[in-house]
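In the text below, chain A, chain B and the rest are named by the order of the sequence lines, each starting its count at 1.
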Number of protein chains: 2
Amino acid sequence: MKRELSIKETIQRGANFFMPSLSLDCVIFGFHENELKVLLLKMKNADTWALPGGFIYKEEDIENAAIRVLRERTGLHDIFLRQFHVFGQPSRSEKKFHSNLLRKDGIKVSKDNWILQRFITVGYYALVDFATVTPEPDQSSVACEWKDIYSIQDLFMDHKHILDTALYTLRMQLNYVPIGHKLLPQKFTMPELQKLYETILGKKLDRRNFQRRILSFGFIKRLKETRKGGAHKAPFLYSFDLKKYKKALEQGLQGGW
Amino acid sequence: MKRELSIKETIQRGANFFMPSLSLDCVIFGFHENELKVLLLKMKNADTWALPGGFIYKEEDIENAAIRVLRERTGLHDIFLRQFHVFGQPSRSEKKFHSNLLRKDGIKVSKDNWILQRFITVGYYALVDFATVTPEPDQSSVACEWKDIYSIQDLFMDHKHILDTALYTLRMQLNYVPIGHKLLPQKFTMPELQKLYETILGKKLDRRNFQRRILSFGFIKRLKETRKGGAHKAPFLYSFDLKKYKKALEQGLQGGW
DNA sequence: TTTCATTGCGTCGTTATGACACAATAATAC
DNA sequence: GTATTATTGTGTCATAACGACGCAATGAAA
C-alpha cells in the first residue's frame, strides 16, 4: 500500500507514475437523519467544495484506484462502488483553475506541467454506512464533511454535474443495487427504509403500501426488537436476508416506484 | 472534418495528436430478420473479429470521437449513442497482441511507441436502423459485417466482455431508452416490435399481453396500412408518436418485462 | 391520566397481469 | 377456385398488484 503523496511531489513527479490525462472522482452517498448525504471536500484557498478524487497509477486498475481514494477519505476497506460515467469534454479542464489554486498554495507550476493537461475523469458512486465513516480531508483540502444532497448548489469545476449524473444513475439502477443494505445500518426500521427510498426518488410514498410491497419481496425479515427512544410508538427493527436480497437484485426488483 | 489516417501515420505520429492511453469502442446494435445484431470488424492478418473503435484527438470531445467512429463505420450522421462503461484493467492491454498484428502487416513498431502503452477504453453503445447502414471496414480490418448477438463466441482482446456489458446495460436501461424508434424502421409491425423486446431480454413474451401493454403506454399509433407479402395474415403497421414516446421515456416506462 | 404523533394491520375498489379461446385473414397447396 | 395452414386481431376470465384510506395500538410527553 502506498502512502499519500504531498501536493508538491504529485505536481513535480506525478507524470512519472500516474496515467496521463486521467483522473477519477467519487460520489460517496451516505444516509443520516433521514437525509441522503454526499461526502465533500472543502478546498484549500478557495471557497468551494469538491468531490473526493485522485489519479491512477500507471499499473493500477482504475477500480482499485477508486477503492484507494475511498479508503483514504472514509477509512473504510470494503465499499460498494459502481463506475457510472466518464466526463470527457475538453472544456472541463480549465488551466486557470488549477494554476491559480496552486499559486495560492505557494506552489509554482510550469505551463507544460502534466497537471495542466486536459483531463478525462471517471465517475464512481459509492454507498456507505454513514455511522462507520470517519471523514478525512486530503492534501488539497481543509475539511471533509457530509452534505445534504438537496442543499448543494455549486461545486468545483463540473463536480455538480457529476453529482447530478450520479444521482440520476442511482435512481435508474434502484432496482438492481443494494441501496438498503449498504446505506443503512444492520438493523433499521421501516420508516427509515422508506425515507431512504423517498429521498433517492425525490417523492413521497404511501407508508402502508410501501411496507406491503417491500415485505412482499421476501428479503427483509422482522426482528423481535423495537427501536425505543423515539418520541412515539416504537417501530420494529428489520434486517436483510442477504442471500435472498442478492438474488432478487440480480433479476432486478419487479415493478416501479 | 478530418480524413481517416493510415495505420502508418497513426502509429508513427499518433502521439502528437491523440490523447495518450485513451481509446473508445462502439457496440453498434441493429435489428434485422428478427435478430439483434452487432457490427463487427474482421481484423487484418488475424482470425478474429473486433468492435469498431478509435482514438480521441487531443482537443476532441470523447462523445464526438464516438460519433466520428460511428459515422466512418456506418455512414450515418445522426446516431443514438450512450456511453456505458470504462474498461480500465491494466491486463487488457497486451503488448504482444498489437505488435504481432502490426508486424504481420509489415509495420515495425519500437518498444516505446505510444500504441503499445496501457490503454483505457470508453465503451459506447449505439442503436441504429439496420436498413440505413452501409458497413465500412477501417484501415486495420478486411471486413465489416453484422453478426447475430447470440452467435458471437470470442472477440479480439476483451471485446466480448465489452459486448456483454453493453447488452446488460441495454437490458437495464430498456425502459429509459428509445429502442423501438432507433432500432426499427419508421413503420413496423407488432410482431417485429415484440421480437425486438424478446431478443434483448432473452425470453419469450405472450403475444396478446405484449400488445395490450405496449399500446396502453399510448405512444404507438396504428396506421391504416398492413404489411402484405408475409406467408399469412397481413399484420397492421404501426409508428411511434415521438413526442409522447420521449415524454414516457423520461419518466421511464412503468413496470417490468 | 390524558394527549398526540406515529406505527401496525387491515379493507375496499380499481387496475394490471397472466393464461387462454376463437374468429379473421392472406399466402400456399391442392 | 377451394381448402389448408400459420399467423394475426380481439376478447374473456380469474387472480394478483396497486392506490387510497380507516382504525386501533403504542410510547413518550404534557
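Among the atoms of the strands shown, none is found under 4.0 Å from any heavy atom of B:Gly255. Nucleic acid contact for B:Gly229: sugar-phosphate only, since backbone atoms but no base atoms lie under 4.0 Å from a heavy atom of the residue. Within 4.0 Å (heavy atoms only), A:Arg227 reaches no atom of the nucleic acid at all.
One atom, CD of B:Gln211, and another, P of D:dG11, lie 11 Å apart when rounded to the nearest Å. Rounded to whole Å, the distance from NZ on B:Lys195 to C1' on D:dT7 is 13 Å. One interatomic measurement links the two molecules: CZ of B:Arg207 to C1' of D:dA6, which rounds to 11 Å at whole-angstrom precision. Between A:Asn209 atom CG and D:dA16 atom P the separation is 18 Å, expressed in whole Å. Between the CZ atom of B:Phe188 and the P atom of D:dT8 there is a distance of 15 Å, rounded to whole Å. Straight-line distance from the CD atom of B:Gln194 to the C1' atom of D:dT7: 12 Å, rounded to whole Å. What separates CZ of A:Phe217 from C1' of D:dA17 is a distance of 11 Å, to the nearest Å. What separates CD1 of A:Ile214 from C1' of D:dA17 is a distance of 15 Å, to the nearest Å.
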Evaluate B:Phe188 against B:Phe240 for ring pair (Phe, Tyr, Trp, His ring centres under 6.0 Å), listing each step before the verdict.
CA-CA 9 Å; B:Phe188 53 90; B:Phe240 283 93; 5.1 Å; yes

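In this structure, B:Ala231 and B:Arg212 both approach DNA chain C, and ranking their closest nucleotides by distance from the 5' end singles out B:Arg212. Between B:Tyr238 and A:Ala234, the residue whose closest nucleotide on DNA chain D is further toward the 5' end is B:Tyr238.
More than 12 heavy atoms of other residues, nucleotides or ligands shown are found within 6.0 angstrom of CD on A:Glu145. The local environment of NZ in A:Lys221 is crowded, with over 12 non-hydrogen atoms from other residues, nucleotides or ligands closer than 6.0 Å.
Listed by first then second residue, pairs satisfying side-chain hydrogen bond (donor to acceptor under 3.5 Å, both in side chains) with a partner in residues 241-257 of chain A read A:Asn175-A:Trp257, not counting sequence neighbours.
Using the six-membered ring where Trp is involved, B:Phe156 and B:His159 have ring planes that are perpendicular, over 60° apart on the 30 and 60° scheme.
A side-chain hydrogen bond (donor to acceptor under 3.5 Å, both in side chains) with A:Tyr125 is found for one member of A:Arg82, A:Gln173, A:Gln83, A:His85 and no other, namely A:Gln173.
Side-chain N/O atoms of A:Arg208 and base N/O atoms of D:dG22 include a donor-acceptor pair closer than 3.5 Å.
Taking every nucleotide of DNA chain C with any atom under 4.0 Å from a non-hydrogen atom of chain A, the first and last of them, 5' to 3', are C:dA5 to C:dT11.
Taking only side-chain atoms of B:Lys233, from C-beta outward, the nucleotide of D:dT8, D:dT5, D:dG19 with the closest atom is D:dT8.
At least one side-chain heavy atom of A:Leu215 sits under 4.5 Å from a side-chain heavy atom of A:Met190.
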